[in-house]
Engineer: 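The following block contains the structure, expressed as structure tokens.
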Amino acid sequence: MPVRVDGLGSARHDFNKHKRSISLLLGEKSQERPKATVHSTGKPHGRDRLSHSNILQKQPITACLVTAAFISALGSSYLYGYNLSVVNAPAVFIKAFYNQTWMERFGTPASTETVTMLWSTTVSIFAIGGLLGTFCVSYMVKTLGRKGTLLLNNSFAVIAALLLTLGEKAGSFEMLIIGRLIMGVDSGIALCALPMYLGEISPRHIRGFIGQFNSILICLGVLTGQVLGLPELLGQESKWPFLFAFLACPALVQLCVLPFLPESPRYLLMERRDEAAAERAFQRFLGKVDVSKELEEVSVEGRVQNNLQIVSVHQLVHNPAVRWQLITVLITMACYQLCGLNAIWYYTNGILAEAGFAGNIIPYITLSTGAIETLSAIVSGLVIERVGRRPLLVFGFSAMAVCYGFLTVFLNLQHRVSWFPYLSYICILAVIASFCSGPGGIPFILTGELFEQSYRPAAFMISGLVNWLSNFTVGLLFPFIQAGLQTYAFLVFVVVCVLGAGYLYAILPETKNKTFVDISRSFAKMNKVECPTDTQELELVVGLPATLSHESTNGKVSEMESSF
């Protein structure tokens, strides 16, 4: 029997407290708005729905919105991407520094096993820091807000940059290891708080486009790390500490610019109850003066959610109303890491060497991987609102599975056919492009879209934990998989990609151009919960009499529909 989970019982309040809602519903506001033909759900139907969609599409994208998206991603996901690639170029020099420091301290050179252990710790502790950062996010975004969390997070980046830069001069490899740990904390916080902020400041018709700033800046950060690591730039024995000094630059830019940009208006209105600040934020993000519809829509959503009691992780996990949303996010985020993209980097240099490229030009050729990543993420951001989230995810994982299959064939035959290594490298580029076309960024967007405001901090915390645990698992197990299966190792990732694509095709509804409430309703049948109609919600929240007819309310509900 369906469980009714509406959380509306305690939402009845004093009439004066909801005077504005009642005024809007009863037509007391003298604003001329086009009437729409509606069903009992209160949503525009037929031509009116198309007209409403066209109105949304014509709304301009403001400079404030784009600036907020870029600056918030620059000091967050960009640094995460940069840290993924920046340690590759100076690896030889850092190991030599570890050996020299060990000899100065203990009088004997460090063994190969000791240097390997120190280097492995330096690389892998980044994921441990990410886990620690994820644990902090839920409390930080509730206490400091989305923007406040991003601003505070810059302090971790600056501290990490100082430790990593000065470690060599201080003769302390511990400083490098601690610096990487702190940088992991920064990335763990950023990959949860940033998508939350981007999703809440974006009108729904461009929410996917704005959300892809996260993925685009990650790819741009990877490419920057590859470029700065070239021997002609900072990839030299005397200059490698400056690669880590660069970490402070994006953080300082964000620290200087982001305070002048608005906080998430949904956070301000639904959690802080600051309607004046929310109105100013809406006005700046949307570029218009009259934002009454946006304010009212978010206000009603907040009251429907039982006065927005922010749920804990435990409450989220045990809530049947969001069971399939949670399962979907967990599977999508796990596939994001377990699809094998990180393992690709193990093979790239070896395949290029097999193809006959000289070792001194391989770093320049591998720049193509970063360029393909960035280009694919940009294209995905441009088409996501036309194509949708679900098709891009299903296509991305399916294409990766096909490319892994071809890569396995070419790797096994590359010693027999001289030009097969070139095809292997093309397959690697195709895997990267397929990943960035959808799976590389959309899982973060979905985490924000599948959950309403009260569930979102806990949802991002859980998805972040899955992200970093899966990342750590791949780094830990892939060397053993590679040793056991050799060139057949990528068949493991074929299975992950096929299963991920199949699940998303069967379960995930399309979320583009939908409100957060609409998305939650699309899961109601799977969760076996009963969602109230718009009229029922408004009767319970605002205290309208039950005798008020559908005809008298539906028109008003449709008028409340806004760009958010």
Side-chain angles (χ1 to χ4, degrees), residues 69-86 125-141 144 146-154 156-157 160 180-201 210-222 225 247 250-251 254 258 264 313 329-330 332-339 341-342 373 377 435-436 439-451 456-475:
F70 178 78
I71 292 298
S72 59
L74 180 67
S76 305
S77 58
Y78 177 83
L79 288 179
Y80 167 70
Y82 183 79
N83 276 280
L84 292 179
S85 63
V86 72
I125 205 168
F126 180 71
I128 302 299
L131 277 172
L132 295 176
T134 302
F135 279 115
C136 305
V137 166
S138 182
Y139 175 76
M140 291 177 69
V141 295
L144 304 173
R146 284 55 166 154
K147 189 180 82 169
T149 299
L150 293 174
L151 287 172
L152 179 62
N153 200 32
N154 290 307
F156 293 110
R180 284 282 292 176
L181 175 68
I182 295 175
M183 201 62 235
V185 172
D186 173 274
S187 296
I189 295 172
L191 290 186
C192 293
L194 174 65
M196 205 181 306
Y197 180 65
L198 295 180
E200 292 181 7
I201 68 174
I210 295 298
Q212 281 294 71
F213 271 78
N214 177 44
S215 176
I216 293 170
L217 268 294
I218 289 176
C219 298
L220 200 58
V222 171
L247 290 169
Q254 188 188 87
L258 194 59
S264 159
V313 171
V329 165
L330 293 181
T332 307
M333 193 59 74
C335 290
Y336 166 78
Q337 288 291 353
L338 300 178
C339 67
L341 189 77
N342 291 340
E373 271 192 312
F435 176 80
C436 293
I442 295 178
F444 297 98
I445 298 173
L446 281 182
T447 305
E449 289 185 331
L450 297 188
F451 295 92
R456 202 167 290 137
F460 268 101
M461 181 176 173
I462 293 174
S463 69
L465 292 175
V466 173
N467 177 30
W468 288 102
L469 284 173
S470 301
N471 184 320
F472 184 76
T473 301
V474 171

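Reckoned from all heavy atoms, side chains included, excluding hydrogens, waters and symmetry mates.
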Engineer: Check V185 against N153 and note the closest heavy-atom contact, atom names and distance.
Structural biologist: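 Between these two residues, the closest heavy atoms are O-OD1, 4.3 Å.
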Engineer: Looking at CD of E373 and CG of L84, how far apart are the two atoms once the value is rounded to the nearest 0.5 Å?
Structural biologist: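 Interatomic distance, E373 CD to L84 CG, rounded to 0.5 Å: 8.5 Å.
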Engineer: Answer whether the closest heavy-atom distance between the side chains of P195 and F460 falls below 4.5 Å.
Structural biologist: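 Of all side-chain heavy-atom pairs linking F460 with P195, at least one is under 4.5 Å.
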Engineer: From I125 CD1 over to L181 CG, what is the distance, rounded to the nearest 0.5 angstrom?
Structural biologist: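 Answer for the CD1-CG pair, I125 versus L181, is 4.5 Å.
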Engineer: Compare all side-chain heavy atoms of V329 with those of I462 and state whether any distance is below 4.5 angstrom.
Structural biologist: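 Not in contact.
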Engineer: Just so I know, are the side chains of L131 and F472 near enough to count as touching, which here means a heavy-atom distance under 4.5 Å?
Structural biologist: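 A side-chain contact is absent here, since even the closest heavy-atom pair is not under 4.5 Å.
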Engineer: Which distance, rounded to the nearest 0.5 Å, do you find between the CD1 of I442 and the OH of Y336?
Structural biologist: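 If I round to the nearest 0.5 Å, the distance is 12.0 Å.
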Engineer: Nearest 0.5 Å, what's the CD1-NZ distance between I71 and K147?
Structural biologist: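 I71 atom CD1 to K147 atom NZ measures 12.5 Å (nearest 0.5 Å).
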Engineer: Going by atom types only, do S264 and E200 share a side-chain donor-acceptor pair under 3.5 Å?
Structural biologist: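 Looking only at side-chain atoms, E200 and S264 do form a donor-acceptor pair, the distance falling under 3.5 Å.
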Engineer: If we only count heavy atoms from C-beta on, is the M183 to L79 side-chain gap below 4.5 Å?
Structural biologist: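 Side-chain contact under 4.5 Å: yes.
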Engineer: Hey, does V137 have a side-chain heavy atom less than 4.5 Å from the side chain of T149?
Structural biologist: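 They are not in contact (no side-chain heavy atoms under 4.5 Å apart), so the answer is no.
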Engineer: Angle between ring planes, Y80 versus F126, binned at 30° and 60°: parallel, tilted or perpendicular?
Structural biologist: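 Judged by the thresholds at 30° and 60°, the geometry between Y80 and F126 is parallel.
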Engineer: Tell me, please, which residues at least two apart from S76 pass side chain to side chain donor-acceptor pair (under 3.5 Å).
Structural biologist: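 Applying side chain to side chain donor-acceptor pair (under 3.5 Å) to S76 gives Q254.
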Engineer: Calculate, to the nearest 0.5 Å, the distance between atoms CG and OH belonging to N83 and Y78 respectively.
Structural biologist: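 So the CG of N83 and the OH of Y78 are separated by 11.0 Å.
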Engineer: Examine distances only and state if a side-chain atom of R146 and a backbone atom of L198 form a donor-acceptor pair shorter than 3.5 Å.
Structural biologist: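 No, the answer is negative, given that no donor and acceptor are paired below the 3.5 Å cut-off.
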Engineer: Roughly how far, to the nearest 0.5 Å, is the CD1 atom of I189 from the CG atom of L152?
Structural biologist: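 Here the interatomic distance stands at 7.0 Å.
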Engineer: Any side-chain heavy atom of Y139 sitting closer than 4.5 Å to one from L144?
Structural biologist: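 No; the side chains remain at least 4.5 Å from each other.
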Engineer: Between N154 and L150, is there a donor-acceptor pair closer than 3.5 Å when you use the side chain of the first and the backbone of the second?
Structural biologist: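 Here the side-chain-to-backbone pair exists.
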Engineer: Is any side-chain heavy atom of S215 closer than 4.5 Å to a side-chain heavy atom of F444?
Structural biologist: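 Contact flag for S215/F444 side chains = no.
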Engineer: So, for A377 and Q212, which heavy atoms are closest and what is the spacing to 0.1 Å?
Structural biologist: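 Of all heavy-atom pairs spanning A377 and Q212, the closest is O-NE2, 4.2 Å.
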Engineer: Indicate yes or no: at least one non-hydrogen side-chain atom of C339 is less than 4.5 angstrom from one of P439.
Structural biologist: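 Not touching, per the 4.5 Å side-chain cut-off.
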Engineer: Of the non-hydrogen atoms in A69 and I210, which two are nearest, and what is the gap between them?
Structural biologist: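 Taking A69 first and I210 second, the nearest heavy atoms are CB-CG2, 3.9 Å.
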